[in-house]
Every structure is written in C-alpha cells, then in structure tokens.
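Below is one structure, written out as structure tokens; the observations come after it.
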Amino acid sequence: MSDILELLVSAASSGCIYGLVALSYLVMIRPTGIINFAVGEWAAVGLFAAFFLLTNRWLPLPYALALIAAVAFTGLIGWGTQRIAVRPLVEKGAPILGPILALLGMLAIFRESISLIFGPDPHNLPAPFGLRQVSLGPFAGTPRDFFIIGCTAAVFVGVWLFFERTVWGKAFEAVALNRKAAALMGINLRRVTVAAFVGGAAIAGFAGVLYSLTAPRDFLMGLPLAVQGFSALVVGGVGRVEGAILGGMILALAEQLTARYADQIGIPSGMSLGVPFLLMIVFLLARPTGLLRPKEAAA
Amino acid sequence: MSAPPLLSARGLTKRFGGLVAVDGVDFDVFAGEILGLIGPNGAGKTTTFNLIAGAFAPTSGTLDFEGKPIHGLGPHEVAGRGIMRTFQHNMPFAGMSLIDNVLVGCHRRMQSGLAALVMGSRRAAAEEEKARRRAAELIGFVGLGDVADTPVVNLSFGQGRLLEVARGLAGEPRLMLFDEPAAGLTPAEAERLSDIIRGIAKRGIAVLLIEHDMRFLLPLAERVIVLNFGRKIADGTPDAIRRDPAVVEAYLGEASTIGAGEEAARA
Amino acid sequence: MLELKGVSGGYGAANVLADVSLSVGKGESVALLGPNGAGKSTLMAAITGTLVRRGGGILLEGRDLAPLASHDIVDAGVALVPEGRQIFAPMSVRDNLRLGAIRLGARPGHSLEERYAFVFELFPRLKERAGQRGGTLSGGEQQMLAIGRALMSAPRLLLLDEPFLGLAPLIVVEIRRALAALQESGLTILLVEQKIDVALAMTRRAYVMIKGRIALHEESGALARRGDLANLYFALAAKAE
Amino acid sequence: MTRAAPWLAAAAAMIAVAFLLKDFGYYSDQYRKLMLWVALALGFNFLFGIAGQVAFSHFAFYGIGAYAVVILTFKAGLPLGVAVVLGLALCAVLAIAVGIAATRLEGFYLALATMAFAQLFLVVLTEGGAVTGGAGGIANYRLPALELGGRRFTLTGPYYTSLIALVLLATFFVFWRLDRSYFGRACRAIRDNPEAAAAMGVDVARTKIVVFTVTSVLAGAAGMAYAFVDNIVNPPVFGLENVFLLLFMVIIGGSGRHAGAVVGAILLYMLPYVLTPLIGHHQALVFGIVMVAAMLFRPDGLVGVYDRLRARYGRGAA
C-alpha cells in the first residue's frame with residue numbers, strides 16, 4: 001500500500017512536469033493555432049539559464065531569485081522566438097504550417113546553442129532541499145517531489161485564474177473562439193500572440209527548471225520532453241487548462257505503472273517509454289478532442 | 001420538356017441541429033438548360049447546392065442523377081458521376097500551372113493503374129495525351145490560351161474564375177454547377193462568362209447557377225427556381241419570377257406592398 | 001462624421017468594393033441597402049479594419065481610419081455589430097459585454113459600471129441573463145447581446161450589419177425600439193439591410209449598393225415612395241455606373 | 001530510346017563514381033550513404049512537398065526495412081530474396097494501417113500520429129530483446145551470396161555501391177513518373193486544396209493512403225540497402241532527428257521539386273565537412289538558421305533561387 005502511495009507521489013511529480021509542458025503548448029495553440037515543438041528546447045533554456053545563474057562565480061543569486069530570473073529569461077527567449085519565426089510569417093499571411101516549420105528550425109538552433117555553450121554533459125540544479133524521505137499524511141516522497149507538485153499547482157491556479165477571472169484571459173479565449181469578432185472588440189491580435197509566446201515560454205522554462213530537479217539533463221532533453229508534453233495535451237484535451245494537468249497525470253501514472261508492473265505480465269519494463277506514444281495514438285484516433293472537451297463543444 | 005430530367009430532387013430536406021435549411025424541395029434539371037437558383041440570404045440556396053455537390057447528405061429526400069440516386073455520395077463520387085462545379089471564392093490549386101489545374105479536372109477519366117504510370121504503358125501515355133489535348137482545347141474555349149503555362153498565382157481573379165470553368169468542363173460533366181459565378185467579376189468579364197455559359201449549355205450540358213446578381217442571371221437563365229426559408233416558392237421563366245408577388249415579397253419585405261400600391265395607384 | 005471617398009478593397013484577389021463614396025452626418029441615421037453579395041459587409045470590414053485590403057479614404061471627423069489597426073478604430077469610437085451576431089457563445093453574457101469594453105480605457109469620460117448600466121437599461125433582458133452563456137440565448141437575445149457588446153465601447157458611430165436577419169417579428173419590434181432610443185440619444189448609425197421596409201422606416205437617407213458600387217443615393221422617404229422599387233431591387237433600373 | 005538515354009547516362013555516371021572510389025573506403029562509404037539520403041529525400045519530398053502530408057514516420061520506415069531484412073534473413077533464416085519481399089510487404093501493410101488511421105485525422109494531427117508511431121517504433125527496437133538486439137542492435141552479419149544460374153557471387157565493394165545507385169535511380173524514376181501523371185497532379189491538388197480536389201473527382205482519402213504507402217515502401221527499400229552498408233542496425237540510426245533533417249533538406253532545397261530534394265540532400269549531407277573545422281559538431285545550428293531563413297525569405301528553397309536568377313540573368317547565356 002505504501003508502495004502504491006509512493007508511486008502516486010512520484011507519478012504526480014513527473015505528471016506535473018508533463019502537465020506544465022502541455023500547458024505551455026496550450027497557451028500558444030489556443031489563440032494562434034500554432035503547435036510549437038520548440039517548447040522542449042525552451043525548457044532546456046530555462047534549466048540551463050538557472051544552472052548558469054546558480055553556479056557562476058560573478059553573480060551569485062539566491063536560489064529562488066535565480067529560478068525566477070531563469071524563467072523570466074525564457075519568457076524573453078519566447079518573445080524573440082515569436083518575433084523571428086512567427087510574426088513575419090503570420091503577417092505575410094502564410095499558412096499555419098509555415099510558423100510550425102520555422103519553429104522546428106528554431107528548435108535546432110536552441111539545441112545546438114545550448115550544446116555549444118554548456119557542452120554535451122548532463123547538468124542538474126543543486127537540490128533545494130535534502131533528499132531524505134518525508135511524509136505528508138499517508139503520502140511519502142522526497143521534498144523535491146512535493147516542491148514540484150506545489151509549484152505546479154501554483155502555476156496552474158495562476159493560469160486558471162488568468163483565463164477565468166481576468167479580462168485579458170477572456171480576450172485570449174475570445175481570439176481562440178472567433179478572431180474576427182475579437183478584433184472588432186478592439187483586442188490587439190498581435191499583442192495576444194506575443195503574450196501567448198512569452199507566457200508559453202516562461203511556463204516551459206519553469207517546467208525545465210523543475211525537470212532538472214529529478215535527474216541531470218543534457219542538451220538533448222528537449223525533444224523527448226516536448227513529445228511527452230504533447231502526448232499529455234492530446235490525452236487531456238487542447239481546449240482547457242485543466243486538461244493539460246489531467247493529461248500529464250494520466251500519462252505519468254500510466255508510465256510508472258508500466259515501468260513497475262509490466263515485468264510481472266511479461267512485458268519488458270522499458271516499454272513504459274512507449275506509453276506516451278501509445279496513448280497519443282489511441283486518443284488521436286478515438287477521441288481527438290481529448291478527455292476534456294473545449295467549452296464551445298459542451299455548450 | 002418530355003425528356004426525363006437529368007437531375008431530380010424530391011422532398012430534399014436538410015436540418016442542421018434545430019434549423020431546417022432546406023425543407024422538402026422538389027425540382028428537376030434537364031439536359032442543356034440553364035437553370036438559376038435564387039433566394040434571399042439564408043434561403044437555403046447554398047445548402048441545396050452543397051447537397052447536390054455531395055458536401056453533405058440530405059436529412060431526408062432523394063436526389064437522382066441520370067436515374068440513379070446520388071444523395072449521400074461524397075464530393076468525389078458525385079464528380080465521378082459527371083457533376084462538376086465551380087467555387088464562389090475561386091479555389092484554384094495554387095501551386096500549379098493553369099494547364100495542370102485543368103488537367104486535374106480530367107481526373108475522373110483517368111483509368112491507368114500506378115504500375116502502368118511508372119512503366120509508361122502505351123495506354124497510360126495515350127490517356128495522358130488525350131487529357132492534354134482536351135485541357136488545351138478547353139483553355140482555348142474559355143479564352144485563356146495565352147496563359148496556359150502560367151502559375152495560377154499570377155492570374156487575375158477573373159481569369160481564375162474562367163480557369164474554374166475550364167477545370168470543371170475537363171471532367172466532361174453532364175451537369176455543371178456554378179456557385180455565384182459573377183461575384184467579383186468586372187462587367188466585361190461577367191459578359192464573357194455569360195457567353196461561355198451559353199456555349200456550355202449548347203453542348204448539351206445542364207447548367208445550374210446560384211447567383212445574386214440579377215442583371216447577370218435573368219438574361220442568362222431559361223428557368224429560375226426561387227427559395228425562401230428553405231422552401232421553393234417559385235419555379236418559372238425569369239419574366240414570370242420577376243412578377244411573382246411571393247418572390248417580390250421574399251426579397252423586399254413589406255416595402256413591396258408600398259411599391260405595388262404606388263403602381264396600382266398610377267394604373 | 002463618417003466620410004468614405006473612393007474606397008476600394010476586398011479579400012485576397014477579389015476586389016469587392018469599387019470606388020465607394022458615402023457620408024454619414026453627426027447624429028444621423030443612414031441606411032446602406034443592396035442585394036446579397038453587393039459588398040455591404042465587405043465595406044463594414046473595410047471601415048473597421050478587419051481582414052480586408054483597403055484603398056481610398058475612410059475619414060472619421062476628418063481623421064483617416066484606413067491605415068489604422070482595428071483596435072485603434074475602436075478607440076476612435078467606431079463599433080460594428082457584425083452580421084450573424086458573432087457573440088462568444090461559451091462565455092457568459094457579462095463576459096461578452098466585458099470584452100466589448102476592453103478598449104474603454106481609451107474613451108475618456110466613460111466607466112465600466114456606467115456602460116453596463118447603459119446597456120442593461122436598453123436591454124433589460126440582458127441583465128436578467130447576465131450569468132447565462134451567450135450560446136444558450138435565443139436568436140433575438142443574442143442580437144441584443146451583440147448590439148450591447150458593441151455599445152460597451154461607448155461608440156460615437158454604430159455600424160449595424162443585418163441586425164434583423166432571421167428574427168421573429170416581435171423581437172424585431174423590440175430591437176427597433178432600442179435602436180430608436182439610441183438614435184434619439186444622438187448616436188450616429190449606419191445600418192446595413194437587405195430588407196428595405198425596415199431600413200427605410202428607420203433612417204433619413206439611404207444608399208443602394210450594387211456590385212460593389214453605390215448605385216443610388218436618396219432620402220429614405222422618397223425611396224420608399226418609388227414605384228419601381230421592385231425592379232430596382234432586381235438591379236434592372238439601376239444604371240448608375 | 002532518347003527518353004531512356006538520360007537515365008542510362010546517370011546510371012553509368014553513378015556506377016563509374018562507385019568504381020572510382022573503390023580504393024577509398026571512407027569516401028565510398030560516404031558516397032553510399034549520400035545516395036541513400038538522396039533517395040529518402042526524394043520520397044519525403046513526394047510525401048511532404050508534392051502531396052502535402054507532414055508525416056514524421058519516413059525514417060521509421062527506413063528502419064523497418066533495414067531491421068526486417070536483417071531479422072528475416074539472419075534470425076528467421078529465410079533466403080534474402082524472400083526476406084526482401086516480405087520486408088517490403090511488411091512496410092506496405094504497416095503504411096496502409098498508419099495511412100488509414102491517419103487520414104481520419106485532419107491537418108497537423110497526421111504529423112503527430114506519425115511522430116508517435118515513429119517513436120513507438122524506436123521503443124520497440126530498444127526493448128525488442130533478442131529479436132531486435134535491444135539498444136545495441138544487430139551486428140556481425142554479411143550480405144549473403146546470391147545464386148544466379150547456379151553460380152554464387154557476393155556483391156561487395158563497388159558492386160554493392162552500384163546496387164545502391166540503382167536503388168536510388170529506381171526510386172527517382174518511380175517518383176518522377178508518378179509526378180508527371182494524373183496521380184501526381186491529384187497529389188498536388190490535394191496539397192493545395194483538398195475540397196476542390198474532391199470536387200474534381202479525386203478520392204482524397206484513397207490518394208493520401210496510396211502516397212503514404214508508396215513513399216513508405218520505397219523508404220523501406222532504401223533501408224534494406226542501408227542494412228548492408230554498415231552491417232549493423234541499431235536504434236539511434238533511426239531517431240526522430242533524422243526526419244527533421246529530411247524536412248530541412250527538402251525545404252532548403254525547394255519543397256515540391258525533385259531537384260530541390262536532390263540539392264537539399266547533397267548540400268546538407270556535405271555541409272558538415274565544411275562546417276566541422278569551423279564549429280565542431282554543431283552543424284545542426286547552421287541547418288536551423290538556414291531552415292528559419294528559408295521559411296522566412298525563400299519558401300521555394302534553393303531551386304526557387306536558381307529559377308529566379310535564371311529568369312533574371314540566364315536568358316542571354318542559355
């Protein structure tokens with residue numbers, strides 16, 4: 001029983017990271033329709049920026065401040081990415097595939113730049129807390145797991161409040177629902193695109209920072225994380241913030257259950273790596289809207 | 001018109017959720033005639049058009065083409081039976097030359113298998129040769145001969161419309177559907193298109209037009225069907241339609257009675 | 001107040017508008033009539049700067065709107081009630097209205113509360129249904145919402161594109177009453193209509209647009225009395241070009 | 001005869017190069033791989049550039065072909081010819097299955113489904129135990145001797161290189177012929193406007209499945225040729241990065257044009273030789289920059305640039 005509860009905590013913490021990456025996609029897809037596979041590289045940017053800020057000798061920053069600065073820096077990178085690879089194409093009236101492909105080019109640029117600057121070795125952030133086991137009620141896990149879960153919960157609540165409670169969140173939603181009507185309200189479409197990319201990048205950067213707490217990561221970490229995050233999004237549904245975290249949790253749980261128990265039914269435990277792809281294929285074919293349908297479909 | 005109709009619709013109905021877009025419409029289209037389909041905004045013209053073209057299946061009712069049912073077939077199957085169309089907002093294949101666009105229209109006449117295409121069988125070559133001759137002839141027919149090899153992105157809007165006509169004709173249709181063919185054309189271009197449509201009907205091909213521009217449609221059409229709120233309210237010659245009080249009412253609302261009153265007073 | 005000088009434009013390669021000139025005086029109500037496909041909605045899109053190429057001059061009290069983005073045009077005091085209502089269906093009535101007021105900061109002298117109060121007074125039904133999703137309203141209520149949403153930006157010029165399309169006669173009466181109240185308050189209105197009777201009854205002057213051109217311009221009353229209206233509408237009498 | 005002449009000349013030239021390089025092991029090896037990349041790029045161009053399908057499974061089928069022929073020949077003990085036929089059939093069956101599933105999905109979802117398929121393939125390779133050799137793959141096999149008319153001979157050195165040249169030419173020939181037929185026009189029509197294509201009588205779903213299957217099977221054939229180049233097959237060779245590289249090749253060269261695929265493949269394959277002395281192993285950085293630049297400034301790629309230059313200056317010279 002405690003075994004299961006421990007698995008739940010560790011699944012929840014990796015589910016949080018998938019959920020954050022899924023959220024990063026979602027924030028950009030909703031108003032612009034652009035699927036940006038460079039989110040994984042953004043996560044790497046966040047991680048390596050945090051690593052740099054925490055380990056350099058010239059500018060020693062307190063831990064929390066370094067993380068915040070790294071996330072802000074990733075947001076800035078998001079703005080630059082948008083400015084270079086998205087806005088010129090959108091304003092030229094290129095089909096949506098144009099920015100998606102240009103962003104694949106950006107992906108290569110980010111990845112190689114990181115490898116150029118930081119080398120091919122894996123890095124991880126110094127752990128903020130010890131690695132001892134702690135218990136929270138019946139749940140046992142490392143402080144790291146609870147830190148990840150807490151931070152993710154905060155981000156999701158924040159983003160959820162933004163969409164549900166602020167007029168700018170409503171404006172995002174309005175652009176997603178009906179671009180032309182949104183423009184008639186006076187919503188600045190260009191500014192919404194910028195906000196989506198800056199916000200998406202910051203969320204991805206934060207996911208990267210948290211991701212590095214669980215294990216050392218190298219410059220190649222981006223694409224696998226991007227694919228897993230996208231699987232989470234497909235499972236949870238592209239329409240709603242809650243879908244991203246739900247998808248992330250389901251995905252992580254399925255992965256960890258396979259890793260732990262597949263051996264017992266004769267499947268190599270490494271097959272758990274295939275779980276996201278299997279889930280993605282199943283959901284694409286059987287339920288392309290994901291578990292949570294967007295509100296317009298429910299209305 | 002004693003010949004059996006080429007296309008006949010009976011009780012054609014299409015519902016979208018609670019909305020009845022087309023409501024039990026009956027009509028016939030005969031070979032070689034030019035038939036107009038008109039009606040105010042929301043009357044169900046476009047839905048009717050899409051039902052014929054196979055964009056969606058009717059909720060109930062039948063569509064028979066050359067005596068065989070076509071309702072429920074997909075767009076490519078409808079085209080395969082010999083019903084070709086043009087689009088209101090031109091829909092050329094933007095990455096291809098004019099002649100290649102028209103050649104796509106020949107698709108339903110192409111029979112060779114992939115192996116024959118790769119091996120370059122004599123039959124495949126002959127088929128291709130025939131299609132090319134036909135495409136060239138049709139491009140000449142619509143008067144685009146001098147731009148046949150031009151990428152279509154370089155064509156004007158009016159030329160794009162003519163391309164759609166040639167592309168549709170390339171499929172050797174028995175029925176040609178036009179979705180607001182005059183929309184966006186200059187008066188001179190519209191004039192030319194009228195002549196071309198008459199030429200098409202002379203070849204024995206039935207022509208069905210949705211059109212808002214009455215100056216274009218009324219002199220061209222031999223018969224006009226009027227829809228309002230999804231129902232057929234009139235079916236007759238352009239002259240009869242113009243005088244039909246139900247039609248005038250549908251278009252003008254109560255203002256027609258003001259006008260009619262004035263007319264009556266003057267008479 | 002609004003003056004169009006030789007406006008041309010359209011979507012992509014199609015040129016829908018050809019040399020359109022018209023004017024709307026301050027506090028005046030003007031109708032823009034014409035059959036389907038004449039280019040009326042395209043003209044509205046040109047004025048509001050949405051998804052249309054534009055040429056010529058679009059002057060609002062002498063200021064050219066043509067180079068402006070749509071949000072700047074809202075700031076200038078122009079609001080459009082688009083054809084087909086285009087409300088944000090999954091959002092509540094209040095959220096729809098709130099979005100209409102998103103540029104209100106650029107309109108000095110107006111507050112959000114004042115705008116809500118104004119719209120709710122004009123359409124009490126919207127107040128009753130403030131928490132309801134827009135998509136669950138009846139067609140007439142949705143139209144009220146679309147008009148109310150446009151009014152939230154405190155416009156000086158209200159453009160209405162086919163506001164009565166597909167509505168039951170009773171609702172038409174109710175919306176007409178609200179629009180009449182707006183006219184009395186001095187709001188400038190440009191009304192696009194397919195049905196002539198309503199449009200002529202509500203306005204002082206009317207333009208008739210055919211195939212992207214202004215074919216006729218007359219006082220609404222005089223137009224209503226013309227005997228050849230039916231023929232005109234079939235575009236046989238209008239040889240304006 | 002005159003129509004066959006260019007093809008025969010190309011074959012002769014490519015085989016001649018194979019024999020010229022026969023004493024230069026490294027260059028001969030690079031030449032073989034370059035030809036395989038060109039073959040893959042041609043197929044991917046047909047799929048993406050001509051038929052407009054963004055499918056990330058192209059390299060997976062290359063891998064399926066390679067693994068299938070090796071497993072069937074050396075693990076199942078089948079004759080090579082049988083293994084080749086069965087391997088191609090396997091590619092076809094998988095491609096049809098993926099194709100049918102994928103045509104139910106619209107737009108970019110095809111890319112996602114094929115990406116998931118490609119990744120799943122890698123997981124299966126890595127976890128396939130004795131059958132696939134796991135992460136280390138399968139090595140230590142040699143192309144079996146062929147029997148023809150009672151004589152046994154093995155294709156080695158320049159002879160095997162020549163075989164690869166013929167595989168490439170055959171691939172090119174198939175796509176070249178298809179592109180110039182009604183089938184190729186139907187593919188382009190679907191790419192440009194599926195609705196209008198259907199209205200012209202093109203069965204959009206069927207055509208998409210056929211294109212996906214043909215290109216995937218030919219990728220599988222190239223993979224079979226690859227299996228005996230390094231005489232080892234292992235998962236990293238077939239990673240997702242490679243299909244991005246193919247995408248870059250096709251777009252930078254000029255998407256939708258055979259010449260573009262050839263130019264793009266050669267350029268991106270050769271570029272590292274120039275770049276490595278300058279920036280080490282970070283050539284992908286340059287690829288990414290060129291890719292973004294191509295999308296922004298020249299979506300028709302190098303072939304488009306060439307066309308433009310020729311239109312402006314070339315008339316007199318030519």
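Just so it is clear: chains get the letters A, B, ... in the order the sequence lines come, proteins before strands, and each one is counted from 1.
There is no contact between A:Phe110 and chain D, counting heavy-atom distances below 4.5 Å. The part of A:Leu107 that comes within reach of chain D is its side chain, from C-beta onward, which places non-hydrogen atoms under 4.5 angstrom from that chain. Contact annotation for A:Leu279: neither backbone nor side-chain heavy atoms come within less than 4.5 Å of a heavy atom of chain D. Looking at D:Met291, the atoms closer than 4.5 Å to chain A (heavy atoms on both sides) all sit in the side chain, from C-beta outward. Contact annotation for A:Ile100: only side-chain heavy atoms (C-beta onward) come within less than 4.5 Å of a heavy atom of chain D. Proximity to chain A is limited to the side chain of D:Leu247, based on heavy atoms less than 4.5 angstrom apart. Contacts of A:Ile35 with chain D are made by side-chain atoms alone, with heavy-atom separations under 4.5 Å and no backbone atom involved. Residue A:Met280 touches chain D through its side chain alone, counting heavy-atom pairs closer than 4.5 Å. In this structure, chain A has a heavy atom under 4.5 Å from the side chain of D:Phe248, while its backbone stays farther away.
Environment of OH in D:Tyr306: sparse, with no more than 12 heavy atoms of neighbouring residues, nucleotides or ligands closer than 6.0 Å. Atom CZ of D:Phe117 is surrounded by more than 12 heavy atoms from other residues, nucleotides or ligands within 6.0 Å.
Taking the six-membered ring for Trp and thresholds of 30 and 60 degrees, D:Tyr67 and D:Phe121 have ring planes more than 60 degrees apart, a perpendicular arrangement. Ring-plane geometry between A:Phe48 and A:His123 is classed as perpendicular, the angle between the planes exceeding 60 degrees on a 0 to 90 degree scale with a lower cut at 30. By the 30° and 60° cut-offs, the orientation of the rings of D:Phe56 relative to A:Phe37 is perpendicular.
Between D:Leu47 and the choices D:Val54, D:Val211, D:Leu42, the side chain to side chain contact (heavy atoms under 4.5 Å, CB included) rule is met once, by D:Val211.
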Item checked: Stepwise side chain to side chain donor-acceptor pair (under 3.5 Å) check, D:His282 with A:Ser115 -> CA-CA 8 Å; D:His282 300 288; A:Ser115 134; 3.1 Å; yes
